[in-house]
Number of protein chains: 2
Amino acid sequence: MDVSPSYLSLLLIRKWESVFSLSEEETQAIRDLPVHTMVFESNQDIVRIGDCPLHSFLVLKGFASSYKLTTVGDRQIMALHIPGDIPDLQNLYLKRIDCSIVSITPCTIGFFQLEDLRHICERFPRISAAFWRETLVDASILREWVVNIGRRDAYTRIAHLLCEFLVRLQAVGLVENGTFHFPITQANLADATGISAVHMSRALKALRENGLIQTSRMHLAVPDLERLKEAGEFDPHYLHLEENAAAGFFSAAGSKATTVIDDCRANAFRG
Amino acid sequence: MDVSPSYLSLLLIRKWESVFSLSEEETQAIRDLPVHTMVFESNQDIVRIGDCPLHSFLVLKGFASSYKLTTVGDRQIMALHIPGDIPDLQNLYLKRIDCSIVSITPCTIGFFQLEDLRHICERFPRISAAFWRETLVDASILREWVVNIGRRDAYTRIAHLLCEFLVRLQAVGLVENGTFHFPITQANLADATGISAVHMSRALKALRENGLIQTSRMHLAVPDLERLKEAGEFDPHYLHLEENAAAGFFSAAGSKATTVIDDCRANAFRG
DNA sequence: CGATTACTTGAATTCACTCAATGGCGGTGG
DNA sequence: CCACCGCCATTGAGTGAATTCAAGTAATCG
């Protein structure tokens with residue numbers, strides 16, 4: 001599949017209009033953002049810790065993760081990125097990249113210049129706020145991860161992570177009947193939850209035996225989301241979805257707001 | 001001690017000028033931000049999870065922490081806040097507060113209206129960027145916390161936390177000869193590192209016996225920071241300090257940049 | 001001075017880890 | 001088409017780090 005640059009902007013616009021209704025001029029500015037598409041294999045570093053960033057990128061297809069290595073060589077994943085995410089948006093105003101980002105499945109990535117983005121943010125406060133908000137939601141997810149890893153046992157922790165993943169995928173239309181494409185190894189899940197790969201296998205088995213999940217090679221099914229939420233102590237508030245009322249941040253909002261381009265949604269991510 | 005509103009703005013200005021050099025107009029806008037000062041006892045909630053925020057606040061004196069409770073009642077602290085921090089800046093563009101913030105020592109707090117802040121950010125892109133950057137650094141710290149809690153053992157984890165605390169305090173001039181005011185209970189430290197209070201006691205003892213730290217009731221001394229850094233696998237890059245070069249984000253920077261008001265620094269926080 | 005809170009220490013337990021071996025699946029190449 | 005290799009997942013056994021429970025000490029405060 002090929003992905004046109006203009007399609008990229010649709011993704012961004014769609015994502016935000018639930019929160020900020022953008023004017024014609026604003027959406028046009030986003031459309032004009034030059035984007036360069038690239039495809040990655042699994043397990044390829046997209047950006048590396050310590051580098052000085054000139055670009056940022058949007059995930060169009062596939063999953064990626066942010067991670068760091070300890071001096072002992074252990075790996076910790078601190079974020080999972082799904083289509084529609086801008087995993088390294090934080091680099092917009094940070095000089096050095098503080099964590100590496102790697103594709104965990106084959107990925108289609110849209111790169112753009114940070115400088116271009118900074119210019120847009122300077123000119124359009126509302127777009128700036130929309131991007132800013134993205135990074136704030138990411139931080140909120142990180143806070144929940146700290147709680148999850150710090151205070152919940154492996155079983156609960158994994159249930160929580162899977163709930164989060166499902167709900168986020170749902171928000172971009174990648175879940176059907178509680179089932180979604182899930183080509184993520186147990187080793188990756190272990191690195192994301194701070195447990196060992198062996199224990200991950202055992203805990204997943206327990207979740208399976210309790211009927212909370214069904215796993216196949218490439219897919220994961222959640223027959224009863226409510227039960228999984230309960231098992232994972234999952235409360236979706238921290239994801240800050242469905243906050244359309246937040247549009248009120250700019251009460252005297254600009255000119256004519258664009259209507260959503262809805263049909264870009266469903267077909268978008270599915271391969 | 002009393003803290004004048006104008007003093008608050010000095011704090012902010014000082015903090016940022018190392019990264020963004022602000023124009024007269026911009027510093028004035030910050031000075032004009034109406035601020036309301038308030039004093040809190042230890043262990044008082046300053047903001048509560050679930051509320052809809054209208055204000056944000058700056059820590060002027062004392063320490064605070066962001067936390068959440070699990071359904072079992074366990075507590076996890078996901079951020080420690082020191083003077084100069086704006087702990088809930090994330091609420092600027094999030095509708096609901098996703099974690100509570102509590103004073104862990106007596107605190108002097110400066111409140112301001114989020115609406116006022118949004119207006120400033122709309123008018124001054126560089127101020128917006130400066131605030132934004134604050135939230136990005138907070139997120140970077142959260143990522144490191146995920147690594148710390150997820151992949152390091154208790155001993156290393158605590159050493160790391162103490163290093164971070166020391167380095168951050170150093171940046172606002174609150175450390176003398178490796179010694180700083182540290183009226184934080186072991187229970188709080190335990191909640192911040194995701195271990196039990198009992199184990200915290202044991203691990204601190206080990207750190208003491210290895211000569212890495214000296215504890216007294218209200219103070220903590222680090223005789224050899226390099227050794228503690230090594231023990232904690234601590235690399236300060238993630239704090240994104242000393243990035244003055246980042247001023248280059250706005251190459252065609254505005255009018256005449258203000259000079260630092262240096263003397264506001266040392267006397268500021270000390271009680 | 002008694003009450004409360006913070007810290008320490010010991011003992012037993014448990015959750016999760018490491019090490020190690022095995023089984024399954026998918027791709028590759030003879 | 002089958003044999004082989006590599007990756008991933010599983011399972012068992014033994015270990016270990018951190019937990020809970022419990023008791024006791026030290027410091028602080030009204």
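In what follows, chains are A, B, ... by sequence order, proteins preceding strands, each numbered from 1.
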| request: Take A/R168 and A/D85 through the salt bridge (Lys or Arg N to Asp or Glu O under 4.0 Å) test and state the conclusion after the steps. | output: CA-CA 10 Å; A/R168 287 174 58 202; A/D85 287 351; 2.7 Å; yes

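Ion pairing between A/R227 and A/E230 fails under the 4.0 Å rule for side-chain N and carboxylate O. In this structure, B/D98 pairs ionically with A/R143, as a charged nitrogen and a carboxylate oxygen lie closer than 4.0 Å. Taking the charged nitrogens against the carboxylate oxygens, A/D51 and A/R48 have no contact shorter than 4.0 Å, which rules out a salt bridge. Ion pairing of B/R152 with A/D74 is absent here, as no side-chain N (NZ or NE/NH1/NH2) approaches a carboxylate O to less than 4.0 Å.
The aromatic rings of B/F57 and B/F111 sit tilted, their planes meeting at an angle between 30° and 60°. Ring-plane geometry between A/H160 and A/F234 is classed as perpendicular, the angle between the planes exceeding 60 degrees on a 0 to 90 degree scale with a lower cut at 30.
Contacts of A/R208 with the nucleic acid, taken as non-hydrogen atoms under 4.0 Å apart, involve only primed sugar atoms and P, OP1 or OP2.
In this structure, A/L220 atom CG and D/dA9 atom P are separated by 12 Å, rounded to whole Å. Atom CD of B/Q186 and atom C1' of C/dT9 are 12 Å apart (whole Å). Between the C1' atom of C/dC7 and the CG atom of B/D191 lies a distance of 15 Å, rounded to the nearest Å. Between B/I213 atom CD1 and C/dC7 atom P the separation is 12 Å, expressed in whole Å. D/dA9 atom P lies 11 Å from atom CE of A/M218, rounded to whole Å. As a whole-Å value, the separation of B/L207 CG from C/dT8 P is 12 Å. Counting to the nearest Å, the P atom of C/dA16 and the CZ atom of B/R151 are 13 Å from each other. A straight line from NZ of A/K205 to P of C/dG24 spans 14 Å, rounded to a whole angstrom.
Closest to the side chain of A/D153, out of C/dC15, C/dT8, D/dA9, is C/dC15.
Checked against a 6.0 Å centroid threshold, the rings of B/F182 and B/F63 do not count as neighbours.
Donor-acceptor pairing under 3.5 Å is lacking for the side chains of A/T135 and A/Q90.
Computed from C1' positions of five pairs at each end, the angle between the two local axes of the helix from C/dC1-D/dG30 to C/dG30-D/dC1 equals 30°, rounded to 10 degrees.
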Distances for protein N or O near nucleotides 20-26 of chain D N or O, under 3.5 Å:
{"residue": "D/dT20", "atom": "O4", "partner": "B/R202", "partner atom": "NH2", "Å": "3.1"}

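The residue among B/R152 and A/I184 whose nearest nucleotide of DNA chain D is located toward the 5' end is A/I184.
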